[in-house]
Number of protein chains: 2
Amino acid sequence: MERQKVMKNYHHGDLRAALLHSARALLEQQGITALGLRAITRHAGVSSAAAVPHFGNLAGLLSALATVGYEELAAALEPVLEKGPHAAGLVYVRFAIHNPGLFTLMFRSDVIDRGDTALAAASARTSHMLTQLIDNMADHQPQRTRSGTRAAHWGKVHGLAVLAIDGLLDALLSSQGEEMSLEELLDDALR
Amino acid sequence: MERQKVMKNYHHGDLRAALLHSARALLEQQGITALGLRAITRHAGVSSAAAVPHFGNLAGLLSALATVGYEELAAALEPVLEKGPHAAGLVYVRFAIHNPGLFTLMFRSDVIDRGDTALAAASARTSHMLTQLIDNMADHQPQRTRSGTRAAHWGKVHGLAVLAIDGLLDALLSSQGEEMSLEELLDDALR
DNA sequence: GGAGATATCTTATCATTGATAAGTTCGAAT
DNA sequence: ATTCGAACTTATCAATGATAAGATATCTCC
């Protein structure tokens with residue numbers, strides 16, 4: 001029967017997924033600067049215009065990748081929803097550290113298209129999850145607004161994630177003579 | 001004597017400052033995407049290669065601009081050094097909100113050159129100021145490491161700044177029915 | 001199971017970008 | 001006054017994202 005045809009040139013099979021995979025690989029291996037349309041398609045072994053039917057343009061492709069990021073973050077957050085903000089905060093920051101490029105992309109509103117439907121949905125879902133998580137926590141200080149509490153916790157967690165990715169927390173660690181790992185520092189800071 | 005020659009084409013006089021001014025104007029008016037070498041030189045009314053003698057390349061120009069940012073942030077922080085972390089946090093976030101483009105640029109390690117001497121110096125000075133400010137504060141919890149305390153405070157303040165710039169705090173405000181301004185929210189969150 | 005319609009992918013081209021080399025103009029130092 | 005060097009321009013290059021036109025495979029409908 002010979003059905004297992006490789007289908008070389010045309011009709012890749014699942015080029016959409018392949019392009020997202022290539023983009024992610026480039027993103028994590030070479031940084032967000034390497035995320036060009038040509039670099040991505042080259043990595044996937046297709047022509048530079050092959051992404052158009054699936055994503056329209058580069059912003060569309062990156063938006064789809066960021067969408068994956070929001071979904072993965074939500075999925076990572078879900079198991080600790082009942083465990084309170086400390087555990088969830090650690091999960092949030094760990095996700096950022098383990099996927100620095102992807103996490104960075106998720107907040108680069110200048111390269112992704114915030115109007116993208118799927119992206120907006122995934123982003124909103126994750127945000128909703130975060131606020132719910134914060135609201136559910138025990139130590140709600142009555143002296144603070146609910147919004148204030150949300151902003152305070154989300155801000156802290158997000159800031160730690162961003163600073164960790166930028167390597168600025170390592171600088172903080174090495175300057176002080178204290179013997180501790182980044183993980184310990186984060187656990188301490190999130191207390 | 002007619003000394004007030006306009007000196008049109010050659011030897012601008014202070015092109016370095018003029019280019020930084022143009023870059024900053026473009027940055028705040030049209031966003032970080034508009035910060036191209038040609039756009040900046042066009043705005044300043046010079047040729048696209050005029051920036052080379054002063055900055056080498058685009059990264060050099062943007063690094064110099066980011067350096068200005070770190071210096072201004074340090075200058076804004078200085079008057080509140082004795083007032084504790086609450087006031088200083090507000091100053092930090094206000095600086096970010098009033099100079100969103102510049103603040104964003106200061107943490108875009110992919111477009112600026114972290115090896116730039118002046119940038120590294122200004123950045124280190126500001127960081128030093130921040131850690132000193134946090135260390136001086138009264139409510140040092142003994143259960144936390146010094147590094148942990150630094151990370152916690154810097155993280156929170158920085159996260160709030162980043163989220164505010166991205167408009168995500170406004171989203172947080174509007175979702176909740178509470179009647180409060182962004183400034184009030186920040187003041188509350190920094191408590 | 002055959003034919004036309006349709007989506008996918010390629011090739012070719014365009015305007016624009018950052019970098020660079022070579023040439024021009026000005027100021028400064030000897 | 002002349003030379004030297006820095007500042008600036010013009011011209012050119014490779015590379016980018018977008019797009020139009022063409023080729024090919026799959027799908028639908030009869």
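Order of the sequence lines fixes the chain letters, A, B, ..., with proteins taken first and strands second; residue numbering starts at 1 for each chain.
At dA15(D), none of the side-chain N or O atoms of Arg42(A) fall inside 4.0 Å of OP1 or OP2 (strictly under the cut-off).
Pairs passing the salt bridge (Lys or Arg N to Asp or Glu O under 4.0 Å) check and including a residue from residues 180-191 of chain A, sequence neighbours excluded, read Arg94(A)-Glu183(A), Asp187(A)-Arg191(A). Applying the salt bridge (Lys or Arg N to Asp or Glu O under 4.0 Å) test to residues at least two apart or on different chains, none of the pairs has a partner in residues 77-91 of chain B.
Distances were taken from every side-chain heavy atom of Val46(B) (C-beta onward) to each of dT9(D), dA19(C), dT11(C); the shortest belongs to dT9(D).
Less than 4.0 Å separates DNA chain C from no heavy atom of any residue of residues 25-38 of chain A. Residues from residues 48-55 of chain A placing a heavy atom under 4.0 Å of any atom in DNA chain D, listed by number, are Ala49(A), Val52(A).
Among the heavy atoms of the strands, none lies under 4.0 Å from Arg16(A).
Listed by chain and residue number, Ala49(A), Ala50(A) satisfy the side-chain contact (heavy atoms from CB on, under 4.5 Å) test with Ser47(A) (two or more places apart in sequence, or in another chain). For Ala44(B), the side-chain contact (heavy atoms from CB on, under 4.5 Å) partners are Leu19(B), Ser22(B), Val46(B), not counting sequence neighbours. Residues forming a side-chain contact (heavy atoms from CB on, under 4.5 Å) with Val91(A) (at least two apart in sequence, or on another chain): Ala76(A), Leu77(A), Val80(A). Not counting sequence neighbours, the partners of Ala96(A) by the side-chain contact (heavy atoms from CB on, under 4.5 Å) test are Phe103(A), Ala161(A), Ile165(A).
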Could you tabulate the donor-acceptor pairs under 3.5 Å formed by side-chain atoms of residues 56-66 of chain B, not counting sequence neighbours?
residue	atom	partner	partner atom	Å
Asn57(B)	OD1	Ala59(B)	N	3.4
Asn57(B)	OD1	Gly60(B)	N	3.0
Ser63(B)	OG	Ala59(B)	O	2.6
Ser63(B)	OG	Asp113(B)	N	2.7

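Going from atom CG of Leu61(A) over to atom P of dC9(C) covers 13 Å, rounded to whole Å. Straight-line distance from the CG atom of Leu15(B) to the P atom of dT25(C): 19 Å, rounded to whole Å. Separating the CG atom of Leu62(A) from the C1' atom of dG17(D) is a distance of 12 Å, rounded to the nearest angstrom. Put simply, CG on Leu58(A) is 17 Å from P on dT17(C), counting in whole angstrom units.
Within the 4.5 Å cutoff, no side-chain heavy atoms of Tyr70(A) are placed close to those of Arg125(A).
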